[in-house]
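Heavy-atom basis, side chains included; hydrogens, waters and symmetry copies ignored. So you know, we letter chains A, B, ... as the sequences are listed, proteins then strands, and number each from 1.
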Amino acid sequence: MNLPILPTTVVGSYSMPGWLERLKTEYFARRISRHELDEIHDSAVKAAIKDQEVAGVDIITDGELRRDNMIDYFAERLPGVQTDHGSKKFYYDFYDSVVRGKIPMASLRLVDDYRFLAANTDRATKFCVTGPHSLVKRIRDEFYKDEEAFAMDIARVINLELKELVRAGVRYFQIDEPYYSGFPEDLQWGVRVINTLVDGVDARITLHVCYGNRYGKPSWAGNYRYLFPTILDANVHQLSLEFARRGGEDLELFKEFSNKFELGAGVIDVKGHEVETPEMVAERIRKALQFVPPDRLHILPDCGCLHLPREVAFNKLKAMVQGARLVRREVGG
Amino acid sequence: MILHVNHLQPDRTALTSSVVSSLVTVAGEGQVPRRILDNLSVHLDWVQYKTNFREAVTVRRATKGEDLCPWIEVGVDLRQVRQDTLKEEFIQALNEAAADATSRKRVYLEPFTPMRCSIIWTFNNLFWHHLPLWEKASGRGFEKALPSGQSDANHPLAIADSVADFWTLLKDLENQKQLPAEIFVLEIGVGTGKRAAVWLNRFRDLDRERGTQYYPRIRFLLSDYSVTTLDAAQQTVKDHRELASFLAVDALDPFKSLSFLRYKVLYIHLTNVYDNLPTDELVTRDGRLYFVEVRSYLPAAEASRISEAFGVPPAEFIRTVVRLLEAGPQHLSLSDLQQGVGFWRAVWDAVRLEERFVSIEGVSEAPLPPGIRPSQLETFIASAGTNQRFHVSSGAVESFVNTVPLLHPRGFLQVQDIFVTDLADYSRMFRGPGKMDGSVVNWVNGALLAEVGEQAGYDVHFAPFHYREGSRTSILYTTHRE
């Protein structure tokens, strides 16, 4: 599928409607069935796909609306991880998850999610998975006693799943590792784990690193300098970083450290409800172009739109697309 | 007739039982019509605040749309009630319940309105804007009006612990190479500025002692909505003027003035601010939901007495009160400022609130604080008992949700105030509104704040203020939720 120059995409999640939050919580309270919830999810995902298409986004996702949060959807599926289903009262809470033995190799059953997405759009699609580093920070370890070893086993399981997804048709993956920013000292082994995760996966791989978006707020502060130069060893095609909320100072790092990566530049602040204008977006893209050539620049929000009201999320995506179009004309795309 | 004994004081059980006995006697003697008795609930309360807005015996009716509900509620304040007049007041209250408002001997200052919109909050603003005038007339500072005669905000041990906790946070951030170049601290509602000064002194000393060089990086923002107060605070913290800034900030919406500090403030503190912000009240009765409307009034006899004492023609009384609230005591047509302040104090002392319950179908019709969706509170409100009355703490919740976006991801919000941390506690004690000198005071619905905080991604905990024996203050402690 041909993409324009400066392609636009999203960082996984789309606005979670209030009614869907309530229905998810109803499911936990056993007031609606799994079958009913699956049907509800299907409808919500179709609506999220449609919104992204209408907004004009080039590479879309399923909005991750089936997921309670970025951890539990994977923790529940990881073989050998036990989740206490009584441990949360609100769908967005984290389960109390624990691993008590070596994680065996088994399917995560994610292919159906992708097939549903692909069946409902003609656009290019992206599949997002939470990275092992983030998962080990939220799953209690009573076996490995070594975070890297634990993460490495998770990476091997997800690696198999990514290959299965490639066979099903996935061409773009995004690995989410926001916890790097909270634990920069882990980065060296974090990159080794990422390389195991993507080994032999025949697709374009983006590594998304932000400062957290839990409840629509940052979880950490700082800057991206901690990523360099270690991140240069990651076998990924693209780094997706946030610049809209935090400003573009860290773009300098792409000039300071010679690298092979595409840049997925966050140009939409997902923590504020004020909708950017296309001109504002265009200005942010122009700034990124001072450090990365147009054929290596992708345009996206800082992070997922999960916590934005639907109208706000939709209008922000539209502004992003329109801003990208403004700059495309300037760079001859 | 159903009797609810909401607050039993162990050393006053004799009083309670004699009041109960009197009420039962009145009912049994046939002095109250049967149809009223069938629909009557009597609530016995101990109204904590010596000065408040209630008569000893108060009647409350409920409305549904245009119609008056058949049931009648009578509140008896065990603190004010006099045994020799109880029967008479009880029967009179029930007679008034059935009568038109014009027949009551009251001078109303406003029509029925939701509690948070009542004119009592205009009196409250007047107090803070003209605090020096009030203090001069009363001969004491406003902190002396507090039950302990002093503010818990300035307790040196509490401040020392606060500083130690904050220093530990900074050290931890430094160890993780995440300490910002500028360390923002915000106090909302600084009062005299004494707490800020003590805090800064203590922090400077600790920083020097440990050689950490954090003190010069502190940016201490003192905020208040009264510029007069800020001017006074500026003097109090003059030893730290290079790192202190003074900002006029609306306590209901600090983010409006300070949005440039989004996610940057490492420590935010408030003491006795939330209890002074407007609130609404919700009531459940037999499983139905109501919100409280009030209208302020003065007993006609009190209005006459005040008119006479200050030479205000009776026909001009309400107009004079309105002018007082709009322009201040210095602009009344009285002989001098002293008279103006005296009029203000006399009116405030006599102001009462008449209450009624407005029936609503569900939480979506309730007067919720701005920014709160009904769906967020449905489960919480459903957890209230079938006969409960509680604050929505509209102003406190509004302030809270407009403050936490300023918090740095590792920052914390600390609030010292009087909190009801368990919704059930509302059934056991009167929680306001009361009068604190010239201002309004209400306990704050901490359980509701915790619920709102949790849904917005913040953990909210409460700890008793253990630095002063007998203190009713609690410390709310908020951090980002994982």
Partner chain A: residue of B/R410, B/K264, B/E378 with the largest heavy-atom pair count (under 4.5 Å):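 Max contact count across the listed options: B/E378.
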
Most heavy-atom pairs under 4.5 Å with chain A, out of B/Q455, B/K177, B/E454, belong to B/E454

Less than 4.5 Å to any heavy atom of chain B: does that hold for the side chain of A/F90, its backbone, both, or neither?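 Neither part.
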
Between [X] and [Y], is NZ or CZ placed under 6.0 angstrom from the six-membered ring centre and within 45° of the ring axis?
X: A/R22; Y: A/Y27; answer: no
X: A/R246; Y: B/Y263; answer: no
X: B/K171; Y: B/F166; answer: no

Below 4.5 Å from any heavy atom of chain A, which atoms of B/H408 appear? Answer side chain, backbone, both or neither. side chain

Part of B/R481 within contact of chain A (heavy atom distance under 4.5 Å): both

Output every pair passing salt bridge (charged side-chain N to carboxylate O under 4.0 Å, His left out) with a member in residues 180-190 of chain A, not counting sequence neighbours, ordered by first then second residue. A/K137-A/D186

In terms of relative ring orientation, are A/F243 and A/Y224 parallel, tilted or perpendicular, with 30° and 60° separating the classes? perpendicular

If you tally heavy-atom pairs under 4.5 Å against chain B, which of A/G272, A/P184, A/S219, A/G222 wins?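 When all of A/G272, A/P184, A/S219, A/G222 are compared, A/S219 has the most.
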
